[in-house]
Protein chains: 2
Amino acid sequence: MSELQWKSALYDLRSQIVSGELVGGTKLRASHLAGEMGISRTPIGEALIKLEGEGLLVRDKSGFTVRSFALDEVHDAIDLRGLLEGAAVQRAAERGISDVELKQLQGMLLEFDRVLKGGDVAEYDQLNVEFHHTLTGLSGSDILIAEVERSYRFPFAGPSAFPTQQSDSDRFRASLIVGQQHHQQIVSAIAKREGGRAFALMCEHARLAHENVRAAIEAREHAPQLALVRNAK
Amino acid sequence: MSELQWKSALYDLRSQIVSGELVGGTKLRASHLAGEMGISRTPIGEALIKLEGEGLLVRDKSGFTVRSFALDEVHDAIDLRGLLEGAAVQRAAERGISDVELKQLQGMLLEFDRVLKGGDVAEYDQLNVEFHHTLTGLSGSDILIAEVERSYRFPFAGPSAFPTQQSDSDRFRASLIVGQQHHQQIVSAIAKREGGRAFALMCEHARLAHENVRAAIEAREHAPQLALVRNAK
DNA sequence: ATTCATTTATTTGCATGCATATATTCGCAC
DNA sequence: GTGCGAATATATGCATGCAAATAAATGAAT
């Protein structure tokens with residue numbers, strides 16, 4: 001039951017980073033963190049190494065620093081996510097999915113419709129994550145699934161990465177509607193085994209995030225992920 | 001000048017794994033390795049964590065084990081490499097490359113021709129790695145470059161991953177010639193800014209590795225990477 | 001011989017000491 | 001005040017001790 005200490009430290013630090021509590025450029029000192037968290041430096045060190053592997057920290061000759069992303073990198077990461085998720089749905093389409101799997105996707109689409117009418121953003125967010133996870137899983141390729149999940153680590157690249165503060169803007173509302181149209185077409189493409197179309201749609205779907213990033217920066221809205229982006233906000 | 005110990009251990013262990021010295025499924029005990037390498041367990045531990053992050057080791061509740069790959073995973077990894085390198089050359093094509101960059105690529109193509117006539121496989125191998133590295137770099141996306149490099153870690157997925165023992169077989173010789181045709185067409189597509197074509201060509205180019213894997217297994221040839229593949233050889 | 005429980009031997013996860021490398025502070029000249 | 005070097009303080013990299021967890025070995029029962 002007692003979680004390993006390096007895992008707790010890992011979760012703790014990771015959430016502090018992606019939530020913007022630890023701004024990009026912050027130096028992370030193992031000894032200091034150890035004292036702060038009441039454990040020794042060893043498990044902290046393991047967590048830091050893992051976070052470096054995830055690309056959230058960079059290590060120079062004297063310690064770890066929270067990575068900061070150039071704006072170009074943020075956009076490139078979004079495209080990477082689209083590419084990988086696109087490849088996943090293409091595979092799903094081309095190998096074909098079962099009736100029950102299709103029914104499940106269609107059920108989610110109806111849920112989306114419902115949430116878009118009356119639900120709040122958090123509800124949409126959760127459903128969206130679940131939907132993308134399901135689509136990726138249908139690829140049947142563990143390698144691809146792992147890489148898609150990995151691509152989510154970059155700021156704004158994950159399916160739940162849109163700034164919640166924009167939730168009432170017209171632009172954001174519209175992008176959700178377009179996104180739902182994408183979702184429907186992607187499921188349709190998979191059902192018809194149109195792999196190329198599914199791929200293209202998913203790439204385009206990811207690109208919606210580009211506008212969200214731009215809007216968040218332009219409006220100087222407080223989105224947690226912005227803490228990791230250089231020269232922004 | 002004195003390399004950090006955990007780095008030496010990392011390089012050492014990684015090369016032992018990909019060279020097949022450490023077969024898939026082997027358990028790696030930090031204390032034992034420490035004694036063997038004449039250093040303490042701490043730097044060994046760091047190396048093991050990093051190798052887990054690279055996907056070469058898996059960690060269960062009591063230690064690290066050399067990962068073994070299902071045959072499907074090997075083929076999926078090859079496709080992943082093609083996808084990522086394909087995206088890289090597409091970007092290179094669409095943003096355009098300079099004259100000097102084009103000249104450099106064309107110079108490499110001539111080198112390939114020369115090596116294909118008279119050179120040995122090692123020479124080809126080195127040139128191939130360099131060529132793929134150059135192409136990927138022309139994408140101009142650090143994110144993509146890093147992910148391409150990362151995709152090379154899987155057995156048979158890297159550009160230098162073909163079994164050297166096949167070097168004299170007719171089939172292998174033919175695949176080198178087809179590969180060179182791909183190289184030429186990819187450079188041509190980039191030069192003409194035909195991104196979609198470059199992408200498709202690179203995907204197809206990676207697929208040559210599928211046949212190499214199959215041939216290595218069928219012929220029960222000794223390829224080092226086979227040590228990581230389950231139920232093979 | 002095979003299964004199972006018990007004992008023994010290793011190994012891991014974490015804490016911590018120490019030497020060296022790095023950062024910080026201080027002092028002094030300008 | 002600013003720039004530069006020495007002195008001090010702090011953090012890292014590695015080694016190692018120790019308790020708890022895991023693996024290996026032993027042996028009894030079937």
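Chain identifiers are assigned alphabetically (A, B, ...) following the order of the sequence lines, protein sequences preceding nucleic acid strands; residue numbering begins at 1 within each chain.
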Please walk me through it: do B/Glu46 and A/Arg59 pass salt bridge (Lys or Arg N to Asp or Glu O under 4.0 Å)? CA-CA 13 Å; B/Glu46 296 204 17; A/Arg59 187 180 202 172; 3.5 Å; yes
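In this structure B/Glu21 satisfies the salt bridge (Lys or Arg N to Asp or Glu O under 4.0 Å) test with no other residue, sequence neighbours excluded. Residues satisfying the salt bridge (Lys or Arg N to Asp or Glu O under 4.0 Å) test with A/Glu111, not counting sequence neighbours, are A/Arg114. Residues passing the salt bridge (Lys or Arg N to Asp or Glu O under 4.0 Å) test with A/Arg29, sequence neighbours excluded: none.
Salt bridge present: B/Arg81 and B/Glu85 bring a charged side-chain N and a carboxylate O closer than 4.0 Å. We find that A/Glu52 and A/Arg67 are not joined by a salt bridge, their nearest charged nitrogen and carboxylate oxygen being 4.0 Å or further apart.
Protein chain B touches strand DNA chain C; the 5'-most and 3'-most nucleotides with an atom under 4.0 angstrom of its non-hydrogen atoms are C/dT11 to C/dC14.
A/Arg153 approaches A/Leu56 most closely through the heavy-atom pair O-CD2, 4.0 Å. The shortest non-hydrogen separation linking A/Leu127 to A/Phe112 is CD2-N, 3.5 Å.
Of the possible donor and acceptor atoms, one in the side chain of A/Ser8 sits under 3.5 Å from a partner among the backbone N and O of A/Leu4. With hydrogens and angles ignored, the 3.5 Å screen pairs no side-chain donor or acceptor of A/Lys50 with any backbone N or O of A/Gly45.
When the local axes at the two ends of the helix from C/dA1-D/dT30 to C/dC30-D/dG1 are compared, using 5 base pairs at each end, they differ in direction by 20° after rounding to 10°.
Rounding to whole angstrom units, NZ of residue B/Lys7 and C1' of D/dT12 are separated by 14 Å. Rounded to a whole Å, the CZ atom of A/Arg29 is 9 Å from the C1' atom of D/dT10.
Interface residues of residues 43-62 of chain A facing DNA chain C, ordered by number: A/Pro43, A/Lys61, A/Ser62; criterion, heavy-atom separation under 4.0 Å.
Residue B/Ala34 is classed as having no contact, given no heavy-atom separation below 4.0 Å to the nucleic acid.
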